[in-house]
Amino acid sequence: FPSHDTEHEVIMKETRKIPKIDLPTFRLKLSCGEIVFRPFTVKEERLFLMAMESKDNETIIDTVAQVVSNCVLTEGFDLTKLPLFEFEYLFLNIRARSVGETVNLAYKCKAKKQDGNTCNHEFSTDIDLLKAGIDMKQQAASMNPVIQLSDKLYARFKYPTIETSKALVEVAKTDAATADTETIKQCIEHLYDEEQVYPVDEMQDGEFEQIIDSLTPMKRDEVENFFDNLPTLSYQTTSKCGACGTEHRIKLEGLLDFFG
């Protein structure tokens, strides 16, 4: 049968478009300034799940970094410059605004009862993701990022980033024995003495490793102290066991702690 559409109806069919879904935006203060971000979408969530199922650390890091970059709307934001603890803080906030602000974590009570036996009662507690913060660690906040390696040589340190994690994954695949030295190398901006600065990435092969191997145990401990006291994503709360009434102090540190 011939179409009886009027000219107006034809124009309407050609121009009608389903409106796009507008995503809400949120603000978050980081060391680089205040940034604006959006929640991740169902499509981006599927990318997360596929990456997790791959069990490949490099794929997981790349996927999380890509989705976080997609969600940050602030012009000029450079994810690769963000300290790892702030990257985790940012991801946790994006996740909270996308999936839900709370997660429920299960614990087992290890308190001793009056009869001497362990309680072992299982209990759970809700974690408010938006109340998580960054524990700067008292030592890290006041610690000079410069460490004197010898009488004349100094090292200026920097916090690890998501790029550091990717580099260390590569090292672990090829030579796990050098992972500790590579971690130190990735977190030093440069070495210097009274005369000049020595950028780490301009050193000859094996030169940096030789310097690290020549440290005294005391100096090595100073370097390790820097890593032991890095700022971390942190959350603290208390929860009472429903069986014995013992109140437990719960402390989460690092992104993985928030998801069991």
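Counting from 1, the numbers follow the sequence of the chain as shown. Quick note: numbers below take in every heavy atom, side chains included, and nothing from hydrogens, waters or symmetry partners.
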Could you label the plane-to-plane angle of the Y154 and Y192 rings as parallel, tilted or perpendicular, counting under 30° as parallel and over 60° as perpendicular?
parallel

Is the ring pair F226/F157 parallel, tilted or perpendicular, if the boundaries are 30 and 60 degrees?
tilted

Closer than 3.5 angstrom, by distance alone: can the side chain of [X] be matched with the main-chain N or O of [Y] as a donor-acceptor pair?
X    : Y    : result
T161 : L82  : no
Q210 : E207 : no
T63  : L47  : no
E222 : I147 : no
E163 : T80  : no

If you count every heavy atom of other residues, nucleotides or ligands that lies below 6.0 Å from [X] atom [atom1], does the total exceed 12?
X    : atom1 : value
D115 : CG    : yes
Q204 : CD    : no
E34  : CD    : yes
K240 : NZ    : no
D22  : CG    : no

Atom of [X], atom of [Y] and distance for their closest heavy-atom approach:
X    : Y    : value
K185 : E209 : NZ-OE2, 3.8 Å
A132 : Y89  : O-CE1, 3.5 Å
E253 : S234 : CG-OG, 4.4 Å
C187 : F227 : SG-CE2, 3.7 Å
S31  : E86  : OG-OE1, 2.6 Å
F258 : V103 : O-CG2, 3.4 Å

Any side-chain heavy atom of [X] sitting closer than 4.5 Å to one from [Y]?
X    : Y    : answer
E101 : L129 : no
I162 : V68  : no
K110 : N120 : yes
F26  : P39  : yes
I211 : L153 : yes
I35  : F37  : yes
F91  : L233 : no
N70  : R38  : yes

Looking at [atom1] of [X] and [atom2] of [Y], how far apart are the two atoms once the value is rounded to the nearest 0.5 Å?
X    : Y    : atom1 : atom2 : result
K112 : T246 : NZ    : OG1   : 12.0 Å
K81  : C32  : NZ    : SG    : 11.0 Å
F208 : I188 : CZ    : CD1   : 4.0 Å
R95  : E45  : CZ    : CD    : 8.5 Å
T41  : I21  : OG1   : CD1   : 10.0 Å
I127 : T102 : CD1   : OG1   : 9.5 Å

Please tell me whether Q66 and D62 have a donor and an acceptor in their side chains that are separated by less than 3.5 angstrom.
no

Under a 3.5 Å threshold, yes or no: a donor from one side chain and an acceptor from the other, between D193 and Y198?
yes

Can you tell whether the side chains of K166 and E170 come within less than 4.0 Å, N to carboxylate O?
no

Electrostatic pair K158-E189, nearest N-O below 4.0 angstrom
no

[X], [Y]: one ILVMFWY side-chain cluster at the under-4.5 Å cut-off?
X    : Y    : value
F87  : L73  : no
V67  : F259 : yes
V99  : F48  : yes
L168 : I60  : no
M52  : V64  : yes

Mind running side-chain contact (heavy atoms from CB on, under 4.5 Å) on I184 and R220 for me, showing each step along the way?
CA-CA 10 Å; I184 298 171; R220 176 73 184 213; 3.8 Å; yes

What do the steps show when you test H121 against C244 for side-chain contact (heavy atoms from CB on, under 4.5 Å), and what is the final call?
CA-CA 8 Å; H121 176 73; C244 69; over 6 Å; no

Quick check on side-chain contact (heavy atoms from CB on, under 4.5 Å): which of D135, L252, L92 does Y235 satisfy it with?
L252

Let me see the working for F123 and S239 under side-chain contact (heavy atoms from CB on, under 4.5 Å), right down to the final yes or no.
CA-CA 9 Å; F123 65 97; S239 186; 3.7 Å; yes

Please assess M203 against L191 for the test side-chain contact (heavy atoms from CB on, under 4.5 Å), listing each intermediate value before the final yes or no.
CA-CA 10 Å; M203 291 184 179; L191 305 178; 3.2 Å; yes

